[in-house]
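Order of the sequence lines fixes the chain letters, A, B, ..., with proteins taken first and strands second; residue numbering starts at 1 for each chain.
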Amino acid sequence: MLRMMFKRLGRDFYERWAVDVAKDLLGKLLIRRIDGRVLVGRIVEVEAYRGSDDPASHAYRGKTERNKIMFDRGGLAYIYLAYGIHRLLNVTAEPPGRPAAVLIRALEPIDGIETMMRFRGTSDLRALTSGPGKLTEALKIGLELNGLDLTMSDELFIADDGFKDFEMGSSPRIGVRDRRKWRFYIKGNGFVSRP
DNA sequence: ACTCCGATTGGCT
DNA sequence: GCCAATCGGAGTA
(Lines give C-alpha, C1' and ligand atoms only; values in the text may rest on other atoms or scores of the structure.)
Protein backbone atom coordinates (compact mmCIF):
# COMPACT_ATOMS: atom_id res chain seq x y z
CA MET A 1 0.00 0.00 0.00
CA LEU A 2 2.72 2.40 0.91
CA ARG A 3 5.77 3.13 -1.19
CA MET A 4 8.98 1.70 0.17
CA MET A 5 11.28 4.42 -1.09
CA PHE A 6 11.64 6.73 1.88
CA LYS A 7 14.00 9.66 1.74
CA ARG A 8 15.18 9.84 5.32
CA LEU A 9 15.91 13.29 6.72
CA GLY A 10 19.55 13.95 7.57
CA ARG A 11 21.44 16.13 10.02
CA ASP A 12 21.41 19.18 7.77
CA PHE A 13 17.63 19.19 7.72
CA TYR A 14 17.45 19.45 11.51
CA GLU A 15 20.33 21.79 12.22
CA ARG A 16 18.56 24.94 11.05
CA TRP A 17 16.41 27.60 12.70
CA ALA A 18 13.84 25.57 14.66
CA VAL A 19 10.90 27.51 13.23
CA ASP A 20 11.88 26.54 9.70
CA VAL A 21 12.45 22.94 10.76
CA ALA A 22 8.96 22.92 12.28
CA LYS A 23 7.34 24.24 9.11
CA ASP A 24 9.25 21.80 6.93
CA LEU A 25 8.29 18.83 9.11
CA LEU A 26 4.66 19.27 8.08
CA GLY A 27 3.69 16.58 5.59
CA LYS A 28 6.68 14.36 6.46
CA LEU A 29 6.23 10.75 7.55
CA LEU A 30 7.00 9.61 11.07
CA ILE A 31 7.97 5.96 10.91
CA ARG A 32 8.07 3.62 13.87
CA ARG A 33 9.25 0.03 13.70
CA ILE A 34 8.23 -2.16 16.62
CA ASP A 35 7.45 -5.84 17.13
CA GLY A 36 8.20 -6.51 13.47
CA ARG A 37 5.57 -4.02 12.38
CA VAL A 38 5.77 -0.65 10.68
CA LEU A 39 3.61 2.19 11.94
CA VAL A 40 3.41 5.31 9.81
CA GLY A 41 1.85 8.70 10.42
CA ARG A 42 1.93 11.93 8.48
CA ILE A 43 2.95 14.94 10.56
CA VAL A 44 0.08 17.45 10.45
CA GLU A 45 0.77 19.69 13.46
CA VAL A 46 4.01 20.92 15.06
CA GLU A 47 5.29 23.55 17.47
CA ALA A 48 8.77 25.07 17.71
CA TYR A 49 10.57 25.86 20.96
CA ARG A 50 13.75 27.90 20.98
CA GLY A 51 15.61 27.78 24.25
CA SER A 52 17.46 31.03 23.82
CA ASP A 53 14.46 33.31 23.42
CA ASP A 54 11.34 31.38 24.39
CA PRO A 55 10.44 31.51 28.11
CA ALA A 56 8.15 28.50 27.61
CA SER A 57 10.97 26.32 26.36
CA HIS A 58 12.39 23.72 28.74
CA ALA A 59 15.85 24.93 27.79
CA TYR A 60 15.23 28.63 28.47
CA ARG A 61 16.71 28.54 31.96
CA GLY A 62 19.68 26.34 31.18
CA LYS A 63 20.54 22.67 31.07
CA THR A 64 18.92 20.17 33.43
CA GLU A 65 18.84 16.38 33.59
CA ARG A 66 15.55 16.34 31.70
CA ASN A 67 16.33 18.78 28.89
CA LYS A 68 20.00 17.96 28.24
CA ILE A 69 19.13 16.34 24.89
CA MET A 70 18.03 19.75 23.61
CA PHE A 71 21.60 21.00 24.00
CA ASP A 72 23.04 18.22 21.87
CA ARG A 73 22.89 17.97 18.09
CA GLY A 74 19.83 18.46 15.92
CA GLY A 75 17.90 15.40 14.80
CA LEU A 76 17.58 13.61 18.15
CA ALA A 77 14.39 12.47 19.85
CA TYR A 78 13.67 14.50 22.98
CA ILE A 79 10.96 12.68 24.88
CA TYR A 80 9.71 13.72 28.28
CA LEU A 81 6.88 12.98 30.66
CA ALA A 82 4.17 15.66 30.71
CA TYR A 83 1.82 16.08 33.63
CA GLY A 84 3.33 12.93 35.03
CA ILE A 85 1.32 10.89 32.55
CA HIS A 86 1.91 11.58 28.87
CA ARG A 87 5.04 11.12 26.83
CA LEU A 88 5.66 13.95 24.36
CA LEU A 89 7.87 13.55 21.31
CA ASN A 90 10.12 16.36 20.19
CA VAL A 91 12.80 16.50 17.53
CA THR A 92 15.85 18.54 18.46
CA ALA A 93 16.84 21.30 16.07
CA GLU A 94 19.68 23.75 15.40
CA PRO A 95 23.40 23.04 15.77
CA PRO A 96 25.05 21.96 19.06
CA GLY A 97 24.99 24.70 21.68
CA ARG A 98 21.76 26.23 20.43
CA PRO A 99 19.04 24.38 22.39
CA ALA A 100 15.83 24.04 20.39
CA ALA A 101 13.18 21.45 19.64
CA VAL A 102 10.03 20.86 17.65
CA LEU A 103 7.09 19.20 19.36
CA ILE A 104 5.20 16.75 17.17
CA ARG A 105 1.59 17.59 18.04
CA ALA A 106 -0.52 15.47 15.68
CA LEU A 107 -0.34 12.82 12.99
CA GLU A 108 -2.62 11.55 10.28
CA PRO A 109 -2.64 7.76 10.59
CA ILE A 110 -1.27 6.23 7.38
CA ASP A 111 -0.25 2.63 8.00
CA GLY A 112 -0.36 0.12 10.83
CA ILE A 113 -3.65 1.59 11.96
CA GLU A 114 -4.97 -1.63 13.50
CA THR A 115 -1.86 -1.84 15.68
CA MET A 116 -2.16 1.80 16.67
CA MET A 117 -5.76 1.21 17.71
CA ARG A 118 -4.65 -1.71 19.85
CA PHE A 119 -1.92 0.38 21.53
CA ARG A 120 -4.41 3.19 22.14
CA GLY A 121 -7.31 1.04 23.19
CA THR A 122 -9.72 2.77 20.84
CA SER A 123 -11.14 2.27 17.35
CA ASP A 124 -11.88 5.95 16.92
CA LEU A 125 -9.70 6.99 13.98
CA ARG A 126 -10.14 10.68 14.78
CA ALA A 127 -8.87 10.25 18.31
CA LEU A 128 -6.02 7.94 17.38
CA THR A 129 -3.15 10.40 16.93
CA SER A 130 -4.76 13.86 17.16
CA GLY A 131 -2.65 15.13 20.04
CA PRO A 132 0.96 15.00 21.30
CA GLY A 133 0.17 12.53 24.08
CA LYS A 134 -2.02 10.40 21.86
CA LEU A 135 0.44 9.84 19.05
CA THR A 136 3.20 8.60 21.34
CA GLU A 137 0.81 6.06 22.79
CA ALA A 138 -0.33 4.97 19.32
CA LEU A 139 3.26 4.43 18.16
CA LYS A 140 4.42 3.13 21.55
CA ILE A 141 7.05 5.81 21.90
CA GLY A 142 8.35 5.74 25.45
CA LEU A 143 11.06 7.44 27.49
CA GLU A 144 13.46 4.63 26.58
CA LEU A 145 13.75 6.25 23.14
CA ASN A 146 14.86 9.60 24.59
CA GLY A 147 18.07 10.75 22.93
CA LEU A 148 17.68 8.45 19.93
CA ASP A 149 19.34 9.73 16.76
CA LEU A 150 16.56 9.97 14.18
CA THR A 151 19.06 10.20 11.33
CA MET A 152 20.48 6.78 12.21
CA SER A 153 17.84 4.73 14.00
CA ASP A 154 15.59 2.15 12.35
CA GLU A 155 13.23 2.12 15.33
CA LEU A 156 12.12 5.67 14.78
CA PHE A 157 12.82 8.17 12.02
CA ILE A 158 11.27 10.76 9.76
CA ALA A 159 11.13 10.51 5.98
CA ASP A 160 10.08 12.63 3.05
CA ASP A 161 7.74 11.01 0.56
CA GLY A 162 7.75 14.08 -1.63
CA PHE A 163 4.14 15.00 -1.02
CA LYS A 164 3.87 18.74 -0.48
CA ASP A 165 0.44 19.65 -1.78
CA PHE A 166 -1.13 21.29 1.25
CA GLU A 167 -1.77 24.68 2.78
CA MET A 168 -0.10 25.63 6.04
CA GLY A 169 -1.82 27.46 8.86
CA SER A 170 -0.43 28.93 12.07
CA SER A 171 -1.80 29.98 15.41
CA PRO A 172 -0.35 31.92 18.33
CA ARG A 173 0.70 29.71 21.17
CA ILE A 174 -1.23 30.15 24.36
CA GLY A 175 0.65 31.72 27.26
CA VAL A 176 3.30 33.58 25.33
CA ARG A 177 3.19 37.34 25.69
CA ASP A 178 4.57 38.42 22.35
CA ARG A 179 2.24 36.07 20.44
CA ARG A 180 4.87 34.66 18.12
CA LYS A 181 3.27 32.17 15.81
CA TRP A 182 5.39 29.07 16.21
CA ARG A 183 2.59 26.55 16.00
CA PHE A 184 1.92 25.21 12.52
CA TYR A 185 -0.57 22.78 11.06
CA ILE A 186 -1.90 21.52 7.76
CA LYS A 187 -5.03 23.48 7.01
CA GLY A 188 -8.22 21.51 6.69
CA ASN A 189 -6.67 18.30 7.97
CA GLY A 190 -9.04 16.44 10.27
CA PHE A 191 -6.37 15.07 12.57
CA VAL A 192 -5.02 18.25 14.13
CA SER A 193 -5.52 18.60 17.90
CA ARG A 194 -8.56 20.62 18.99
CA PRO A 195 -8.80 22.93 15.93
C1' DA B 1 11.01 21.24 52.59
C1' DC B 2 7.00 23.00 50.56
C1' DT B 3 4.13 24.88 46.94
C1' DC B 4 2.75 25.96 42.42
C1' DC B 5 2.66 25.13 37.56
C1' DG B 6 2.75 22.95 33.10
C1' DA B 7 4.44 21.80 25.49
C1' DT B 8 -2.31 16.89 28.13
C1' DT B 9 -6.04 13.87 28.08
C1' DG B 10 -10.42 11.58 29.10
C1' DG B 11 -14.33 11.38 31.86
C1' DC B 12 -18.03 13.57 34.16
C1' DT B 13 -21.33 17.66 35.20
C1' DG C 1 -16.93 23.53 31.09
C1' DC C 2 -14.49 21.41 35.04
C1' DC C 3 -11.23 18.43 37.03
C1' DA C 4 -8.18 14.64 38.42
C1' DA C 5 -4.07 12.00 37.34
C1' DT C 6 1.00 12.46 38.63
C1' DC C 7 5.91 14.06 38.09
C1' DG C 8 10.04 17.36 37.24
C1' DG C 9 11.53 21.83 37.82
C1' DA C 10 11.49 26.40 39.60
C1' DG C 11 10.66 29.65 43.14
C1' DT C 12 10.33 30.62 47.84
C1' DA C 13 12.12 29.85 52.91
Between B/dA7 and C/dG11 - P atom distance, rounded Å: 14 Å
With distance as the sole test, does A/R183 use its side chain to make a donor-acceptor pair with the main-chain N or O of A/S171 at under 3.5 Å? no
Under a 3.5 Å cut-off on both pairing distances, which runs of 3 or more consecutive Watson-Crick or G-U pairs involve DNA chain B? B:1-6 with C:7-12, B:8-12 with C:1-5
Which nucleotides of nucleotides 8-13 of chain B have their base under 4.0 Å from a protein heavy atom (B), which only their sugar-phosphate (S), and which neither (-), written as one string 5' to 3'? BBS---
Which pairs would a plain distance check flag for residues 78-88 of chain A, meaning a side-chain donor or acceptor within less than 3.5 Å of a matching protein atom at least two apart in sequence or in another chain?
from	atom 1	to	atom 2	distance (Å)
A/Y78	OH	A/H58	ND1	2.7
A/R87	NH1	A/I85	O	3.0

So what does A/N90 touch, heavy atoms closer than 4.0 Å: a base, only the sugar-phosphate, or nothing? base
Partners passing side chain to side chain contact (heavy atoms under 4.5 Å, CB included) against A/M152 (at least two apart in sequence or in another chain): A/D149
Answer with yes or no whether the side chains of A/R66 and A/T64 bring together a donor and an acceptor at under 3.5 Å. no
Closest heavy-atom pair, A/L76 versus A/R11, reported as atoms and distance to 0.1 Å, is CD2-NH1, 4.2 Å
So, taking the atom named CG in A/L150 and the one named CZ in A/F157, what distance separates them when rounded to the nearest 0.5 Å? 10.0 Å
A/T129 side, atom OG1; A/M117 side, atom CE - distance, nearest 0.5 Å: 9.5 Å
Exercise: identify the closest heavy-atom pair between A/E94 and A/A100: CG-CB, 3.7 Å
Under 3.5 Å donor-acceptor pairs involving side-chain atoms of residues 18-26 of chain A, not counting sequence neighbours:
from	atom 1	to	atom 2	distance (Å)
A/D24	OD2	A/R16	NH1	2.9
A/D24	OD2	A/R16	NH2	3.0

Do A/S193 and A/E45 meet the criterion of a side-chain donor-acceptor pair at a distance under 3.5 Å? yes
With a 4.0 Å cut-off (strictly under) to non-hydrogen atoms of chain A, the first and last hit nts on DNA chain C, 5' to 3', are C/dA5 to C/dG11
